[in-house]
Amino acid sequence: MGILPWRSRDVIDPRDFTREDLEILFEEADKMRRQLSSGRVARTLEGKIIATAFFEPSTRTRLSFEAAAKRLGADVIGFSAEEATSVAKGESFVDTIRMLDGYADLIVIRHKYEGAAALAAEVARVPVINGGDGSQHHPTQAMLDLYTVRELFGSVDGLNYLIVGDLKYARTVASLLRALSLFKPASVMLSAPPQLQLRDEVRRDVESRGLRLEYVKLEEGLSRADVIYVTRIQRERFPDPQEYEKVRGSYRITRRLLEAYAKGSAKVLHPLPRVDELAADVDSTSYQAYFLQASLGVPLRMALLNLILGGEAS
Ligand code: CP
């Protein structure tokens, strides 16, 4: 099928992609990494403009997209807060997207409301990439997560995954599970405080796609896992701050805990940012893979931009 399935495509929901799409993307990302390490990146997107429309805070997603675009020779326009746009003067979201559609060749969007990226894709003629919408989807993070696993273990298949933390509000979890359902994990274990369990609609959806979920105690999950995926409690998504206070600090992955229970070959991933759920003393252990994960965001997003915008070298 080749790279054509990616051309001019929106990236909104991980369920829109096949395993073959992801394998094409990972191979393109490998190519981008080879170019980055050789210091000779083909400027395949020269003359293109990428708009980053971030209505919600971001460090990694926005800046890695911007770095990716610039590495490929594209120009970047955009904003990193709603207050910096005319939305603050009352302009509608739809009108804002219409403007960007006229200014750029591709829009990357993040918004606190679920469905905002899908709406943007309906309005815009240019491709739209979802950089996170509410608690719903974060498709490029899931692609990056699986690309990192492939880099660490040589394959996404056949591994034992433990997902720890805020399974209810973390969009990275919903997207990772949907992306994992395209592969053949040996097991997918979930460990979360009672208040932060996976939402029913996500559970039903991924189970209907053949993913078998196991609910485990943290120590059991740690002892069996190859990939330990930790998430932050998404304080900003709680409708009631008092509910957040009830779960705050309810789990913490530390070096001591890993050394007591985890396999020596296990790797800890985290989409970041972290707060207190992942101790800094894990950073210097062999378990730590989250900084590699963050750094692979640039070649992975270079690959996405190149495939969607039809960069010549792809
Ligand atoms: N992983 C992630 O989405 O990080 P940012 O919120 O910093 O973009």
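We count ligands from 1, going down the list as the structure has it; atoms in each ligand are counted the same way.
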K.L.:
The test is salt bridge (charged side-chain N to carboxylate O under 4.0 Å, His left out); show your working for Asp205 and Arg209 and say whether it passes.
P.N.:
CA-CA 7 Å; Asp205 176 52; Arg209 287 160 201 283; 3.0 Å; yes

K.L.:
In terms of residue, atom name and distance, what is the protein heavy atom nearest to atom 7 (O) of ligand 1?
P.N.:
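The protein heavy atom lying closest is Thr59 N, 2.8 Å.
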
K.L.:
Taking the side chain as every heavy atom from C-beta outward, state whether Leu36 and Val41 have any pair of such atoms under 4.5 Å apart.
P.N.:
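Yes, at least one pair of side-chain atoms sits under 4.5 Å.
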
K.L.:
Quick check: closest heavy atoms across Ile50 and Ala69, and the distance to 0.1 Å?
P.N.:
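That would be CG1-CB, 3.6 Å.
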
K.L.:
Does Pro273 reach ligand 1 with a nitrogen or oxygen that is under 3.5 Å from one of the ligand's nitrogen or oxygen atoms?
P.N.:
no

K.L.:
If we only count heavy atoms from C-beta on, is the Val268 to Gln288 side-chain gap below 4.5 Å?
P.N.:
no

K.L.:
Could you tell me whether some N/O pair between Arg62 and ligand 1 is separated by less than 3.5 angstrom?
P.N.:
no

K.L.:
Are Leu307 and Arg9 side-chain neighbours, meaning at least one heavy-atom pair lies under 4.5 Å?
P.N.:
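Side-chain contact under 4.5 Å: no.
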
K.L.:
Look at atom 6 (O) of ligand 1 and say which protein heavy atom is nearest, naming residue and atom and giving the distance to 0.1 Å.
P.N.:
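Going atom by atom, the protein heavy atom closest to atom 6 (O) of ligand 1 ends up being Arg110 NH1, 2.9 Å.
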
K.L.:
With a 4.5 Å cut-off on side-chain heavy atoms, are Val87 and Phe93 touching?
P.N.:
no

K.L.:
Nearest protein heavy atom to atom 4 (O) of ligand 1, by residue and atom, and its distance?
P.N.:
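The answer is Arg60 NE, 3.1 Å.
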
K.L.:
For ligand 1, indicate whether the residue Leu272 contacts it via side chain, backbone, both or neither (heavy-atom separation under 4.0 Å).
P.N.:
backbone

K.L.:
Does His138 reach ligand 1, in the sense of a heavy atom lying below 4.0 Å from it?
P.N.:
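Yes, His138 has heavy atoms under 4.0 Å from ligand 1.
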
